[in-house]
**Student:** 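I'd like to ask some things about the structure below.
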There are 2 protein chains.
Amino acid sequence: MIAGDGIEVIEGDCLAAMRALPEESVDLVFADPPYNLQLKGELTRPNNSRVDGVDAEWDRFDSFAAYDAFTRDWLEAARRCLKPDGAIWVIGTYHNIFRLGASLQDAGFWILNDIIWRKTNPMPNFRGKRFCNAHETLIWAARSETARPKFNYDALKSLNEGLQMRSDWLLPVCTGPERLRDDEGRKAHPTQKPEALLHRVLVASTEPGDTVLDPFLGSGTTAAVAKRLGRRCIGIERDPAYAALARARLAEVVRAERAAVAQTEGKRQAPRIPFGQLVERGMLSPGEVLESQCGRHRVKVRADGSVVAAESRGSIHQVGAELQGAPSCNGWLYWHVRIDGRLKPIDVLRQKLRAEMSS
Amino acid sequence: MIAGDGIEVIEGDCLAAMRALPEESVDLVFADPPYNLQLKGELTRPNNSRVDGVDAEWDRFDSFAAYDAFTRDWLEAARRCLKPDGAIWVIGTYHNIFRLGASLQDAGFWILNDIIWRKTNPMPNFRGKRFCNAHETLIWAARSETARPKFNYDALKSLNEGLQMRSDWLLPVCTGPERLRDDEGRKAHPTQKPEALLHRVLVASTEPGDTVLDPFLGSGTTAAVAKRLGRRCIGIERDPAYAALARARLAEVVRAERAAVAQTEGKRQAPRIPFGQLVERGMLSPGEVLESQCGRHRVKVRADGSVVAAESRGSIHQVGAELQGAPSCNGWLYWHVRIDGRLKPIDVLRQKLRAEMSS
DNA sequence: ACCCCAACTGAATCCCAAC
DNA sequence: CGTTGGGATTCAGTTGGGG
């Protein structure tokens with residue numbers, strides 16, 4: 001079904017194409033839907049008559065209702081393709097993002113964050129009647145409230161030099177050599193998204209080998225970045241000219257080596273090591289004393305990996321919590337041993353063990 | 001009807017109070033309605049302290065449908081009070097803003113801009129499961145598509161040091177001496193908005209002598225800023241304790257003869273550029289090699305902006321320091337790339353990016 | 001008076017594998 | 001399905017006490 005490089009461009013209507021895909025088969029959906037609320041193009045309206053001021057309210061209602069129906073349909077089709085723990089990203093502006101977000105919630109998606117793409121070089125408001133419209137909004141939502149979607153927290157923290165990534169992203173609009181142009185030098189697609197934006201989205205919510213579905217592929221930015229980052233991608237585009245544009249673009253993209261797209265992994269992915277293993281392996285001896293950094297609390301290690309204090313016994317976490325009167329405690333960081341005369345958290349022993357076990 | 005200073009606090013239900021106001025009598029509505037936060041359990045910080053979340057009765061709704069009905073009702077009542085060329089501002093987060101925006105459109109309001117309040121000091125995401133929710137969204141909408149609402153373009157331009165005001169505003173959350181506290185030092189209102197935010201809204205959309213209506217007055221920020229800026233204000237607050245709080249606060253506010261120049265606004269600084277952005281933007285590729293000037297050390301770039309050496313991984317600064325055995329290292333100057341066959345510090349890439357981003 | 005450090009806080013939809 | 005418990009997780013800024 002998917003080509004050898006894991007990237008496929010389907011030319012056709014996104015509803016039909018998505019309904020032909022297997023259920024629960026994709027890890028992520030990224031969608032940049034049209035926000036043409038006048039219902040030109042693919043959004044057919046029942047009443048094509050031109051409206052004057054008197055009928056303006058009806059026109060508005062028809063427009064919004066039709067857009068909502070269109071949104072409901074493609075969201076439902078996309079949701080069907082998503083794995084249970086999958087997620088969706090959508091992007092839009094104030095013209096459509098509020099309807100899109102409400103439709104997401106109504107369809108059962110669970111919003112995780114809204115993200116602001118702040119443009120470094122937005123088009124100014126020429127008439128001076130409004131604020132310069134300098135951002136677009138993305139919504140990141142899980143397939144359901146109970147879903148547990150991927151989030152590469154540590155990779156994003158790395159992207160932000162050690163600080164937790166915020167919900168406002170500063171990125172330039174797509175210009176210069178990245179912007180695709182036709183033979184006459186006109187932009188080949190009106191709303192081509194910058195690759196940097198998709199890079200951050202895909203690093204955040206997928207891992208190499210995952211499958212991304214883009215129902216409104218357009219110029220193919222999603223597929224291009226997916227290929228560059230070693231993800232698989234199914235892109236759907238109705239317009240033959242845009243589909244051809246995307247295919248030509250993708251032929252030039254080099255798929256990254258697997259090793260190159262590795263990203264910082266969190267501690268949660270590391271294999272769990274029970275404290276008792278430190279004792280079993282002789283890194284700590286039964287009877288040895290652990291102390292808190294401040295020296296206020298001390299426990300003795302027992303052969304079974306539990307620890308005892310004067311009035312308390314249990315796991316390193318339980319005893320640490322009880323002695324501090326705290327609801328919980330990470331014993332790996334709380335308890336220390338004296339190594340070469342200096343207090344070090346027992347977590348360094350765990351790290352050492354992990355290194356030995358992986359080598 | 002309005003007191004001599006043009007500021008009135010009405011204690012009571014906002015629907016009834018607004019229906020009692022004359023039609024088409026106010027110039028601007030500012031509304032900070034309940035966000036329908038839907039908080040489930042409690043949340044603790046890594047140090048085990050408890051986050052003081054908003055779980056007030058007034059923020060609980062049974063369903064999205066109930067929230068939508070509530071929204072529809074107060075929007076309709078507010079719209080009735082607005083002059084034909086009047087406008088409305090609403091504020092919210094992803095919990096409610098999409099429903100709020102869609103309801104605005106359904107009610108016949110015409111969205112002019114969405115505005116992002118970027119917080120300088122947001123609460124972090126403590127569990128590392130999402131992006132730090134670092135902004136709130138405001139929507140500015142005209143009473144109707146044909147309305148011609150006020151917009152003090154030049155006043156905002158001067159607030160922004162001569163540059164057209166953008167749709168993203170950087171302002172701190174309300175803390176310090178501005179934050180109202182009760183006798184025991186606890187915050188007197190859970191969601192008090194900063195005056196700087198209202199200052200910018202009122203300077204943008206009203207002129208001295210205009211009447212502002214706030215249906216959810218809370219701690220009274222809207223009325224306080226209106227008074228300070230010489231605007232009239234009708235604030236409605238259901239909770240007697242909050243209404244009393246607002247009245248006491250307003251008694252201390254000095255009505256200005258002329259709008260004072262804001263200090264907190266418009267401060268711009270060179271943006272910090274995380275190393276990861278060079279990768280996102282394609283100036284460096286995952287897998288590319290950086291080397292120290294002497295050639296003694298080499299690292300590989302990863303997709304998330306971290307770098308790896310044989311036995312070390314982390315940020316350009318961390319790995320540089322570790323390989324040199326130094327306490328710290330400026331990775332921007334230490335690491336080099338080969339450009340046109342010559343080694344250049346990666347700082348030249350940062351400078352290039354900065355130049356692009358400020359243009 | 002000044003500096004330093006510890007404690008505290010802000011509209012928050014915040015864990016998950018094993019049993 | 002529910003319960004248990006290991007153990008992972010924070011940034012900018014203010015306040016107040018001690019040296």
Side-chain angles (χ1 to χ4, degrees), chain A residues 85 105 109-114 140-142 145-146 148-149 151 153-154 157 160 162-167 266-276 294 305 314-321 326-335 345-347 350, chain B residues 32-56 58-61 64 91-97 117 119-137 170 172-179 181 185-187 189-194 216 218-219:
Chain A
D85 279 339
Q105 292 178 313
F109 288 97
W110 188 249
I111 298 182
L112 301 164
N113 278 113
D114 58 337
W140 173 42
E145 183 176 351
T146 53
R148 288 292 165 255
F151 181 53
Y153 177 78
D154 293 281
K157 201 168 169 177
N160 198 28
L163 283 185
Q164 183 173 89
M165 185 68 82
R166 295 168 43 115
S167 56
K267 286 186 190 170
R268 284 188 176 97
Q269 281 123 293
R272 196 175 79 84
I273 297 200
F275 175 70
C294 54
S315 74
I316 48 173
H317 316 294
Q318 290 170 328
V319 175
S328 72
C329 167
N330 184 340
W332 293 107
L333 302 178
Y334 184 71
W335 296 112
I346 56 177
D347 197 45
R350 178 170 65 160
Chain B
D32 180 11
Y35 287 6
N36 189 20
L37 239 35
Q38 307 171 74
L39 302 180
K40 299 291 194 299
E42 67 171 29
L43 179 65
T44 56
R45 298 185 175 82
N47 64 5
N48 279 327
S49 66
R50 215 171 65 78
V51 173
D52 184 15
V54 176
D55 64 345
W58 49 258
D59 196 42
R60 289 197 280 264
F61 295 84
F64 284 135
I91 181 168
T93 59
Y94 66 84
H95 308 83
N96 71 324
I97 197 65
W117 168 26
K119 302 179 183 183
T120 57
N121 48 351
M123 190 189 298
N125 183 286
F126 294 116
R127 314 306 287 263
K129 304 308 289 185
R130 303 185 179 188
F131 296 94
C132 169
N133 201 359
H135 73 276
E136 298 194 18
T137 301
L170 182 64
V173 301
C174 183
T175 59
E178 187 187 331
R179 187 88 199 205
R181 306 203 167 267
R186 290 171 306 208
K187 53 188 176 191
H189 190 281
T191 68
Q192 184 181 343
K193 296 290 175 290
F216 308 100
S219 61

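Reminder, nothing fancy here: chain letters follow the sequence lines and each chain counts from 1. Basis for what follows: all heavy atoms, side chains included, without hydrogens, waters or symmetry-related copies.
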**Student:** Just checking Ser315(A): base, sugar-phosphate only, or nothing, at a heavy-atom cut-off of under 4.0 Å?
**Tutor:**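 Sugar-phosphate, no base atom in range.
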**Student:** Return the 5'-most residue of the pair Pro149(A), Lys187(B) with respect to DNA chain C, ranking by each residue's nearest nucleotide.
**Tutor:**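 Looking at the nearest nucleotide for each, Lys187(B) comes out on the 5' side.
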**Student:** Please tell me which of Gln164(A) and Asn330(A) maps to the more 5' nucleotide of DNA chain D, matching each residue to the nucleotide holding its nearest heavy atom.
**Tutor:**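 It is Asn330(A), whose closest nucleotide lies nearer the 5' terminus.
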**Student:** Please evaluate residues Gln38(B) and Phe61(B) with respect to the criterion side chain to side chain contact (heavy atoms under 4.5 Å, CB included), reporting the C-alpha separation (whole Å), side-chain torsions for both, the decisive distance (0.1 Å), and the verdict.
**Tutor:** CA-CA 8 Å; Gln38(B) 307 171 74; Phe61(B) 295 84; over 6 Å; no
**Student:** Taking OP1 and OP2 of dG7(D), is either one under 4.0 Å from a side-chain nitrogen or oxygen of His317(A)?
**Tutor:**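 Result: yes.
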**Student:** Looking only at side-chain atoms of Pro46(B), point me to the closest of dG10(C), dT9(D), dG7(D).
**Tutor:**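 Closest of the options to the side chain of Pro46(B): dT9(D).
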**Student:** Between the base of dT10(D) and the side chain of Arg127(B), is there a donor and acceptor pair under 3.5 angstrom?
**Tutor:**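 No, no donor-acceptor pair under 3.5 Å.
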**Student:** dT10(D) C1' sits how many Å from Arg130(B) CZ, rounded?
**Tutor:**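 About 16 Å, once rounded to whole Å.
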**Student:** State whether a side-chain donor-acceptor pair under 3.5 Å links Thr93(B) with His95(B).
**Tutor:**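 The criterion, which ignores hydrogens and geometry beyond distance, is satisfied for His95(B) and Thr93(B).
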**Student:** Have a look at Gln318(A) and say if it touches a base, only the backbone sugar-phosphate, or nothing, with a 4.0 Å heavy-atom cut-off.
**Tutor:**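 If one applies the 4.0 Å heavy-atom cut-off, Gln318(A) turns out to touch the sugar-phosphate alone, with no base involved.
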**Student:** Which part of the nucleic acid, if any, lies within reach of Gly53(B) when heavy atoms closer than 4.0 Å are counted: base, sugar-phosphate only, or nothing?
**Tutor:**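 Base contact.
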**Student:** By the 4.0 Å heavy-atom rule, please label Asp347(A) as base, sugar-phosphate, or nothing.
**Tutor:**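 Since no nucleic acid heavy atom lies under 4.0 Å of Asp347(A), the category is nothing.
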**Student:** Rounded to whole Å, how long is the line connecting atom NE2 of His135(B) with atom P of dA11(C)?
**Tutor:**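 In whole Å, dA11(C) P lies 14 Å from His135(B) NE2.
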**Student:** For dC14(C), which nucleotide is its Watson-Crick or G-U wobble mate, given both distances must be under 3.5 Å?
**Tutor:**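 Its partner is none (no Watson-Crick or G-U wobble pair with both distances under 3.5 Å).
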**Student:** Using only side-chain N and O atoms of Arg179(B), determine if any of them is under 4.0 Å from OP1 or OP2 of dA11(C).
**Tutor:**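 Looking at the OP1 and OP2 atoms of dA11(C), one of them is under 4.0 Å from a side-chain N or O of Arg179(B).
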**Student:** Using a 4.0 Å heavy-atom cut-off across all strands, classify Glu42(B) as base, sugar-phosphate, or nothing.
**Tutor:**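 Base: the residue Glu42(B), judged by heavy atoms under 4.0 Å, touches a nucleobase.
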**Student:** Under 4.0 Å between any heavy atoms, over every strand shown, what does Cys329(A) touch: base, sugar-phosphate, or nothing? Just pick one.
**Tutor:**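 Since a base atom lies under 4.0 Å of Cys329(A), the category is base.
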**Student:** Round to a whole Å and report the spacing from CG of Asn47(B) to P of dC11(D).
**Tutor:**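 Between P of dC11(D) and CG of Asn47(B): 13 Å.
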**Student:** Counting any heavy atom closer than 4.0 Å, what does Ile273(A) reach on the DNA or RNA strands: base, sugar-phosphate only, or nothing?
**Tutor:**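 It contacts sugar-phosphate atoms only.
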**Student:** Is dG16(D) paired to anything, Watson-Crick or G-U wobble with both distances less than 3.5 Å, and if yes, which nucleotide?
**Tutor:**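 Pairing partner, where one exists within any strand: dC5(C).
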**Student:** As an exercise, state the distance from CZ of Phe131(B) to CZ of Arg166(A), rounded to the nearest 0.5 Å.
**Tutor:**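 Rounded to the nearest 0.5 Å, the CZ-CZ separation comes to 13.0 Å.
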**Student:** When all nucleic acid strands are considered with a 4.0 Å heavy-atom cut-off, which category describes Lys40(B): base, sugar-phosphate, or nothing?
**Tutor:**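 The residue Lys40(B) makes no contact with any strand.
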**Student:** Could you tell me whether Trp117(B) contacts a base, only the sugar-phosphate backbone, or nothing, with contacts defined as non-hydrogen atoms closer than 4.0 Å?
**Tutor:**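 No contact.
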**Student:** How long is the span from the OG1 atom in Thr137(B) to the CH2 atom in Trp117(B), to the nearest 0.5 Å?
**Tutor:**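 So the OG1 of Thr137(B) and the CH2 of Trp117(B) are separated by 11.0 Å.
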**Student:** Rounding to the closest angstrom, what is the interatomic distance between dG7(D) and dT13(C) at atom P?
**Tutor:**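 Going atom to atom, P in each nucleotide, I get 27 Å.
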**Student:** Considering only atom P, compute the distance from dG6(D) to dA11(C) and round it to an integer number of Å.
**Tutor:**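 Comparing P positions in dG6(D) and dA11(C) gives a spacing of 35 Å.
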**Student:** Going by centres under 5.5 angstrom and planes under 30 degrees, do the aromatic ring of Trp110(A) and the base ring of dT13(C) stack?
**Tutor:**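 Ring-base stacking flag set for Trp110(A) and dT13(C).
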**Student:** Does OP1 or OP2 of dT10(D) have a side-chain N or O of Tyr153(A) closer than 4.0 Å?
**Tutor:**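 Yes, because at least one side-chain N or O of Tyr153(A) sits under 4.0 Å from OP1 or OP2 of dT10(D).
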**Student:** Could one point to a donor on the side chain of Arg45(B) or the base of dG10(C) with an acceptor on the other under 3.5 Å away?
**Tutor:**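 Between dG10(C) and Arg45(B), which were checked side chain against base, a qualifying N/O pair under 3.5 Å is present.
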**Student:** Quick one: SG on Cys132(B) to NZ on Lys119(B), what's the gap to the nearest 0.5 Å?
**Tutor:**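 Answer rounded to 0.5 Å: 9.0 Å.
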**Student:** How would you label the contact of Arg350(A) with the nucleic acid (heavy atoms, under 4.0 Å): base, sugar-phosphate, or nothing?
**Tutor:**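 Since only primed, P, OP1 and OP2 atoms lie under 4.0 Å of Arg350(A), the category is sugar-phosphate.
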**Student:** Whole Å only: how far is the CE atom of Met165(A) from the C1' atom of dC11(D)?
**Tutor:**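 Checked: the CE to C1' distance equals 15 Å.
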**Student:** Output the single nucleotide from dC11(D), dG7(D), dA12(C) whose closest atom is nearest the side chain of Phe126(B).
**Tutor:**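 Among the listed nucleotides, the one closest to the side chain of Phe126(B) is dC11(D).
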**Student:** Please tell me which of the listed nucleotides, dA12(C), dG10(C), dT9(D), lies nearest to the side chain of Leu333(A)?
**Tutor:**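 For the Leu333(A) side chain, the nearest candidate turns out to be dT9(D).
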**Student:** Going by purine N1 to pyrimidine N3 plus the second Watson-Crick contact, or the G-U wobble pair, all under 3.5 Å, which nucleotide sits opposite dA8(D)?
**Tutor:**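 Per the H-bond distance test, none.
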**Student:** Figure out the OH/P separation between Tyr334(A) and dG6(D), and round it to whole Å.
**Tutor:**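 From Tyr334(A) OH to dG6(D) P: 16 Å.
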**Student:** Using heavy-atom distances to pick each residue's nearest nucleotide on DNA chain C, tell me which of His95(B) and Lys129(B) is more 5'.
**Tutor:**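 Result of the comparison: His95(B).
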**Student:** For Phe151(A) and dC15(C), give me the distance from atom CZ to atom C1', rounded to whole Å.
**Tutor:**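 After rounding, the reported distance stands at 14 Å.
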**Student:** Please state whether the phosphate of dG7(D), meaning OP1 or OP2, lies under 4.0 angstrom from any side-chain nitrogen or oxygen of Arg268(A).
**Tutor:**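 Indeed not, no polar side-chain atom of Arg268(A) lies that close.
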**Student:** Given dG10(C), dT13(C), dA11(C), identify the nucleotide with an atom nearest to the side chain of Leu39(B).
**Tutor:**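 Given the options dG10(C), dT13(C), dA11(C), the side chain of Leu39(B) is closest to dT13(C).
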**Student:** Verify the distance criterion only: is there a donor paired with an acceptor across the side chains of Arg179(B) and Thr175(B) at less than 3.5 Å?
**Tutor:**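 On atom types as modelled, these side chains do not qualify, holding no pair under 3.5 Å.
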**Student:** Anything under 30° is parallel, anything over 60° is perpendicular, the rest tilted; go ahead and classify Trp140(A) against Phe151(A).
**Tutor:**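 Rings of Trp140(A) and Phe151(A): tilted, 30 to 60°.
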**Student:** Using whole Å, what does the distance between atom P of nucleotide dT10(D) and atom CG of Asn121(B) come to?
**Tutor:**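 In whole Å, dT10(D) P lies 18 Å from Asn121(B) CG.
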**Student:** Taking the C1' atom in each of dT10(D) and dG10(C), what is the distance between them to the nearest angstrom?
**Tutor:**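 Approximately 12 Å lies between the C1' atom of dT10(D) and that of dG10(C).
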**Student:** So Pro33(B), base contact, sugar-phosphate only, or nothing? Heavy-atom distance under 4.0 Å.
**Tutor:**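 Contact class for Pro33(B): base.
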**Student:** Using the P atom as the point on both nucleotides, what is the distance between dA12(C) and dA8(D), in whole Å?
**Tutor:**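 Looking at atom P only, dA8(D) and dA12(C) are 26 Å apart.
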**Student:** Set out, in order, the CA-CA distance, both residues' side-chain angles and the distance that settles side chain to side chain contact (heavy atoms under 4.5 Å, CB included) for Arg181(B) and Arg186(B), then state yes or no.
**Tutor:** CA-CA 5 Å; Arg181(B) 306 203 167 267; Arg186(B) 290 171 306 208; 5.8 Å; no
**Student:** Nearest to the side chain of Arg181(B), heavy atoms from C-beta on, is which of dG10(C), dT13(C), dA11(C)?
**Tutor:**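 The answer is dG10(C), which lies nearest to the side chain.
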**Student:** Where the side chain of Thr120(B) is concerned, which of dT10(D), dG13(D), dT13(C) is the nearest nucleotide?
**Tutor:**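 Given the options dT10(D), dG13(D), dT13(C), the side chain of Thr120(B) is closest to dG13(D).
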**Student:** Rounding to an integer number of Å, can you tell me how far Asp154(A) CG sits from dC14(C) P?
**Tutor:**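 Rounded to whole Å, this separation is 19 Å.
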**Student:** The side chain of Pro177(B) lies closest to which of these nucleotides: dA12(C), dC11(D), dT15(D)?
**Tutor:**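 Among dA12(C), dC11(D), dT15(D), the one nearest the side chain of Pro177(B) is dT15(D).
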**Student:** What's the closest nucleotide to the Lys157(A) side chain, out of dT10(D), dC16(C), dT9(D)?
**Tutor:**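 Of the candidates, dT10(D) comes closest.
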**Student:** Show your working on side chain to side chain contact (heavy atoms under 4.5 Å, CB included) between Trp335(A) and Val319(A) and close with a plain yes or no.
**Tutor:** CA-CA 10 Å; Trp335(A) 296 112; Val319(A) 175; 4.3 Å; yes
**Student:** Ignoring hydrogens and angles, does a donor from either the side chain of Lys193(B) or the base of dA11(C) sit under 3.5 Å from an acceptor on the other?
**Tutor:**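 Checked by distance alone, the answer is yes.
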**Student:** Mind checking if Asn125(B) touches a base, just sugar-phosphate, or nothing, with heavy atoms under 4.0 Å?
**Tutor:**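 Result for Asn125(B) = base.
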**Student:** Once you apply a heavy-atom cut-off of 4.0 Å, does Leu112(A) come out as touching a base, just sugar-phosphate, or nothing?
**Tutor:**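 Result for Leu112(A) = nothing.
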**Student:** Need one value for Gly331(A): base, sugar-phosphate or nothing, where a base atom within 4.0 Å counts as base even if backbone is also close, heavy atoms only.
**Tutor:**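 Contact class for Gly331(A): none.
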